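If you're wondering where the values come from, they're calculated on a predicted model, not measured in any experiment. The figures that follow rest on heavy atoms only: side chains count, while hydrogens, waters and symmetry mates do not.
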Amino acid sequence: MANERIALGINLRRNQNQTSRTYGKYYPEVDLQKTLSLRGFARHMTEHGCYYSRDVVEGVLMKITDCLPELLAQGVPVQLGSLGTFYPTAEVAKNAAVDDLAKLDGVNPNQLVKAIHIRFRPDSSQLDNLTGPAFKQACALELHNVVSTSVVTVDGAPRKVRQLKPVATAVAEAMSGGSGGGGGGGDDERP
(Lines give C-alpha, C1' and ligand atoms only; values in the text may rest on other atoms or scores of the structure.)
Protein backbone atom coordinates (compact mmCIF):
# COMPACT_ATOMS: atom_id res chain seq x y z
CA MET A 1 0.00 0.00 0.00
CA ALA A 2 1.06 3.55 -0.58
CA ASN A 3 2.35 5.59 2.33
CA GLU A 4 -0.18 8.37 1.70
CA ARG A 5 -3.47 7.85 3.46
CA ILE A 6 -6.06 9.04 0.98
CA ALA A 7 -9.50 9.22 2.55
CA LEU A 8 -11.94 6.37 2.05
CA GLY A 9 -15.34 8.00 1.70
CA ILE A 10 -18.16 6.67 3.83
CA ASN A 11 -21.77 7.36 2.87
CA LEU A 12 -24.79 6.89 5.12
CA ARG A 13 -27.96 5.17 3.89
CA ARG A 14 -31.24 5.11 5.80
CA ASN A 15 -32.94 1.75 6.31
CA GLN A 16 -36.26 2.05 4.44
CA ASN A 17 -37.59 -1.41 5.34
CA GLN A 18 -40.65 -0.58 7.44
CA THR A 19 -40.85 -4.12 8.82
CA SER A 20 -37.29 -3.97 10.18
CA ARG A 21 -36.48 -3.28 13.85
CA THR A 22 -33.86 -0.84 12.57
CA TYR A 23 -36.20 1.08 10.24
CA GLY A 24 -35.13 4.71 9.89
CA LYS A 25 -31.57 4.21 11.17
CA TYR A 26 -28.61 5.25 9.02
CA TYR A 27 -25.92 2.73 8.11
CA PRO A 28 -22.45 3.28 6.63
CA GLU A 29 -21.47 2.11 3.16
CA VAL A 30 -18.29 2.73 1.20
CA ASP A 31 -18.49 5.57 -1.33
CA LEU A 32 -17.35 3.49 -4.31
CA GLN A 33 -15.46 5.31 -7.02
CA LYS A 34 -15.36 4.43 -10.71
CA THR A 35 -13.97 0.94 -11.28
CA LEU A 36 -10.35 0.97 -12.44
CA SER A 37 -9.68 -1.03 -15.61
CA LEU A 38 -6.84 -3.52 -15.88
CA ARG A 39 -4.95 -1.02 -18.04
CA GLY A 40 -5.56 1.72 -15.46
CA PHE A 41 -4.40 -0.60 -12.68
CA ALA A 42 -1.21 -1.41 -14.64
CA ARG A 43 -0.61 2.32 -15.16
CA HIS A 44 -1.14 2.94 -11.43
CA MET A 45 1.39 0.22 -10.59
CA THR A 46 4.04 1.67 -12.91
CA GLU A 47 3.56 5.10 -11.31
CA HIS A 48 4.67 3.59 -7.98
CA GLY A 49 8.30 3.18 -9.01
CA CYS A 50 7.84 -0.18 -10.77
CA TYR A 51 10.88 -1.33 -12.78
CA TYR A 52 8.67 -2.70 -15.57
CA SER A 53 6.79 -0.72 -18.20
CA ARG A 54 3.00 -0.52 -18.25
CA ASP A 55 2.73 -3.01 -21.13
CA VAL A 56 4.76 -5.64 -19.25
CA VAL A 57 2.75 -5.14 -16.03
CA GLU A 58 -0.50 -5.23 -18.03
CA GLY A 59 0.60 -8.44 -19.75
CA VAL A 60 1.30 -10.15 -16.42
CA LEU A 61 -2.05 -8.99 -15.03
CA MET A 62 -3.83 -10.25 -18.16
CA LYS A 63 -2.17 -13.64 -17.74
CA ILE A 64 -3.37 -13.72 -14.12
CA THR A 65 -6.93 -13.04 -15.26
CA ASP A 66 -6.64 -15.98 -17.69
CA CYS A 67 -4.99 -18.47 -15.36
CA LEU A 68 -6.76 -17.70 -12.06
CA PRO A 69 -10.24 -18.80 -13.22
CA GLU A 70 -8.74 -21.85 -14.92
CA LEU A 71 -7.15 -23.05 -11.67
CA LEU A 72 -10.22 -22.20 -9.59
CA ALA A 73 -12.37 -24.21 -12.03
CA GLN A 74 -10.15 -27.20 -11.15
CA GLY A 75 -10.64 -26.67 -7.41
CA VAL A 76 -7.18 -25.17 -6.87
CA PRO A 77 -7.15 -22.20 -4.44
CA VAL A 78 -4.64 -19.54 -5.47
CA GLN A 79 -2.76 -17.43 -2.94
CA LEU A 80 -1.52 -14.11 -4.30
CA GLY A 81 1.27 -13.36 -1.89
CA SER A 82 0.34 -11.27 1.10
CA LEU A 83 -2.89 -10.13 -0.58
CA GLY A 84 -4.83 -13.29 0.17
CA THR A 85 -6.33 -16.41 -1.38
CA PHE A 86 -8.92 -16.88 -4.11
CA TYR A 87 -10.93 -20.11 -3.84
CA PRO A 88 -14.11 -21.66 -5.29
CA THR A 89 -17.26 -22.55 -3.34
CA ALA A 90 -20.40 -24.40 -4.40
CA GLU A 91 -23.91 -22.98 -3.99
CA VAL A 92 -26.44 -25.73 -3.38
CA ALA A 93 -29.37 -25.89 -5.79
CA LYS A 94 -32.83 -25.45 -4.31
CA ASN A 95 -34.05 -28.66 -2.62
CA ALA A 96 -30.83 -30.44 -3.69
CA ALA A 97 -29.52 -31.43 -0.25
CA VAL A 98 -29.36 -35.21 -0.02
CA ASP A 99 -30.43 -37.01 3.15
CA ASP A 100 -29.60 -40.54 2.01
CA LEU A 101 -26.35 -41.46 0.23
CA ALA A 102 -28.11 -44.30 -1.60
CA LYS A 103 -30.08 -41.63 -3.51
CA LEU A 104 -26.81 -40.34 -5.00
CA ASP A 105 -26.45 -43.34 -7.30
CA GLY A 106 -26.36 -41.91 -10.82
CA VAL A 107 -26.97 -38.30 -9.73
CA ASN A 108 -25.43 -35.65 -11.94
CA PRO A 109 -23.56 -33.04 -9.81
CA ASN A 110 -25.18 -30.34 -11.95
CA GLN A 111 -28.46 -31.25 -10.23
CA LEU A 112 -26.93 -30.54 -6.81
CA VAL A 113 -24.95 -27.38 -7.56
CA LYS A 114 -26.69 -24.14 -8.53
CA ALA A 115 -23.49 -22.10 -8.99
CA ILE A 116 -19.76 -22.05 -8.35
CA HIS A 117 -18.64 -18.78 -6.74
CA ILE A 118 -15.18 -17.27 -6.67
CA ARG A 119 -14.39 -16.14 -3.13
CA PHE A 120 -11.52 -14.20 -1.66
CA ARG A 121 -10.02 -14.58 1.83
CA PRO A 122 -7.62 -11.76 2.73
CA ASP A 123 -4.27 -12.55 4.31
CA SER A 124 -4.58 -12.73 8.09
CA SER A 125 -0.94 -13.13 9.06
CA GLN A 126 0.31 -10.65 11.60
CA LEU A 127 2.69 -9.05 9.10
CA ASP A 128 0.25 -8.53 6.21
CA ASN A 129 -3.14 -8.68 7.92
CA LEU A 130 -5.78 -7.50 5.46
CA THR A 131 -8.82 -8.77 7.35
CA GLY A 132 -11.64 -6.27 7.88
CA PRO A 133 -10.69 -4.80 11.28
CA ALA A 134 -6.98 -4.61 10.41
CA PHE A 135 -7.58 -3.14 6.95
CA LYS A 136 -9.79 -0.46 8.49
CA GLN A 137 -6.70 0.76 10.38
CA ALA A 138 -4.97 1.33 7.02
CA CYS A 139 -7.86 3.51 5.82
CA ALA A 140 -8.48 7.17 6.62
CA LEU A 141 -12.28 7.23 6.89
CA GLU A 142 -14.19 10.38 6.01
CA LEU A 143 -17.97 10.95 5.96
CA HIS A 144 -19.16 12.04 2.52
CA ASN A 145 -22.87 11.82 1.74
CA VAL A 146 -26.28 10.71 2.84
CA VAL A 147 -27.56 8.44 0.07
CA SER A 148 -31.14 7.86 -0.93
CA THR A 149 -32.64 6.02 -3.86
CA SER A 150 -35.87 6.98 -5.54
CA VAL A 151 -37.74 5.63 -8.52
CA VAL A 152 -38.46 7.97 -11.42
CA THR A 153 -40.13 7.30 -14.75
CA VAL A 154 -37.98 7.81 -17.84
CA ASP A 155 -39.57 7.20 -21.24
CA GLY A 156 -42.40 5.33 -19.53
CA ALA A 157 -40.10 2.94 -17.67
CA PRO A 158 -39.26 3.06 -13.96
CA ARG A 159 -35.61 3.82 -13.20
CA LYS A 160 -33.80 3.91 -9.86
CA VAL A 161 -31.94 7.15 -9.21
CA ARG A 162 -29.30 7.41 -6.53
CA GLN A 163 -29.21 10.79 -4.85
CA LEU A 164 -26.38 12.17 -2.74
CA LYS A 165 -26.47 14.95 -0.16
CA PRO A 166 -23.31 15.98 1.72
CA VAL A 167 -23.50 14.79 5.35
CA ALA A 168 -22.89 18.34 6.65
CA THR A 169 -25.88 19.60 4.64
CA ALA A 170 -28.13 16.75 5.78
CA VAL A 171 -27.15 17.32 9.44
CA ALA A 172 -27.75 21.08 9.17
CA GLU A 173 -31.18 20.45 7.62
CA ALA A 174 -32.06 17.92 10.32
CA MET A 175 -31.01 20.34 13.07
CA SER A 176 -33.11 23.13 11.55
CA GLY A 177 -36.15 20.88 11.24
CA GLY A 178 -35.69 20.14 7.53
CA SER A 179 -35.85 16.72 5.92
CA GLY A 180 -32.23 15.72 6.58
CA GLY A 181 -32.95 12.42 4.88
CA GLY A 182 -30.61 12.58 1.93
CA GLY A 183 -31.29 13.18 -1.68
CA GLY A 184 -31.14 16.28 -3.74
CA GLY A 185 -27.45 15.90 -4.55
CA GLY A 186 -27.93 14.71 -8.12
CA ASP A 187 -27.84 11.38 -9.88
CA ASP A 188 -25.07 8.90 -9.42
CA GLU A 189 -24.92 5.80 -11.58
CA ARG A 190 -22.12 3.98 -9.79
CA PRO A 191 -22.94 0.51 -8.46
Side-chain angles (χ1 to χ4, degrees), residues 1-41 43-45 47-48 65 80-94 114-191:
M1 263 189 278
N3 291 335
E4 298 175 25
R5 288 177 45 120
I6 299 171
L8 173 63
I10 299 295
N11 292 333
L12 299 172
R13 182 183 296 274
R14 189 174 187 193
N15 179 351
Q16 296 295 328
N17 182 351
Q18 294 181 1
T19 62
S20 172
R21 292 183 297 116
T22 60
Y23 171 72
K25 292 187 178 185
Y26 290 86
Y27 289 90
E29 62 183 36
V30 172
D31 185 10
L32 292 177
Q33 304 303 304
K34 183 178 177 189
T35 300
L36 191 61
S37 68
L38 187 131
R39 175 168 282 167
F41 186 43
R43 184 178 302 117
H44 175 83
M45 290 173 66
E47 291 170 355
H48 279 272
T65 64
L80 292 181
S82 61
L83 184 62
T85 304
F86 289 87
Y87 61 98
T89 61
E91 180 181 342
V92 179
K94 186 175 182 178
K114 177 180 178 180
I116 300 294
H117 298 282
I118 297 174
R119 305 289 190 207
F120 174 75
R121 181 177 43 253
D123 187 292
S124 61
S125 66
Q126 192 170 15
L127 180 63
D128 296 308
N129 191 345
L130 293 176
T131 59
F135 187 64
K136 176 187 169 210
Q137 299 305 313
C139 299
L141 304 182
E142 175 180 281
L143 286 178
H144 279 189
N145 301 293
V146 175
V147 181
S148 63
T149 304
S150 58
V151 178
V152 297
T153 303
V154 177
D155 296 329
R159 180 174 174 222
K160 287 186 177 182
V161 177
R162 188 170 181 235
Q163 298 170 316
L164 304 173
K165 181 181 289 186
V167 169
T169 302
V171 169
E173 288 177 359
M175 291 177 70
S176 68
S179 69
D187 296 356
D188 186 343
E189 300 208 7
R190 288 177 287 161

Query raised in the report: Which of these passes side chain to side chain contact (heavy atoms under 4.5 Å, CB included) with Arg159: Val154, Thr153, Val151?
Result: Val154
Report task. Let me know which of Leu143, Asn11, Leu12 forms a side chain to side chain contact (heavy atoms under 4.5 Å, CB included) with Pro28. Result -> Leu12
Query - For Glu29, salt bridge (Lys or Arg N to Asp or Glu O under 4.0 Å) partners two or more places apart - result: Arg13, Arg162
I'd like to know if the side chain of [X] reaches the main chain of [Y], judged simply by a donor and an acceptor atom lying under 3.5 Å from each other, with no hydrogens or angles considered.
X	Y	answer
Asn145	Val147	no
Gln18	Gln16	no
Arg14	Gly24	yes

Out of curiosity, [X] [atom1] to [Y] [atom2], how far, rounded to the nearest 0.5 Å?
X	Y	atom1	atom2	answer
Ser20	Lys25	OG	NZ	9.0 Å
Asn15	Thr22	CG	OG1	4.0 Å
Ser124	Leu130	OG	CG	9.5 Å
Ile116	Thr89	CD1	OG1	7.0 Å
Thr85	Arg121	OG1	CZ	5.5 Å

Requested in this report: May I ask you to check whether over 12 heavy atoms, not counting those of Phe86, lie within 6.0 Å of atom CZ?
Outcome: yes
Query - More than 12 heavy atoms from other groups under 6.0 Å of CZ on Arg119 - result: yes
Report summary line: In terms of heavy-atom contacts, Cys139 and Leu8 come closest through SG-CD2, 3.9 Å
Query - For Asp123 against Gly81, the heavy-atom pair lying closest together - result: OD2-O, 4.2 Å
**Report entry** With Arg43 via side chain to side chain donor-acceptor pair (under 3.5 Å) - residues at least two apart
**Finding:** none
Query raised in the report: Is there a side-chain contact between Pro88 and Ile118, using heavy atoms and a 4.5 Å cut-off?
Result: no
**Report entry** Side-chain touch Leu141/Lys136, heavy atoms, less than 4.5 angstrom
**Finding:** yes
Query raised in the report: Considering residues at least two apart in sequence or located in another chain, which fulfil the side-chain contact (heavy atoms from CB on, under 4.5 Å) criterion with Ala115?
Result: Glu91, His117
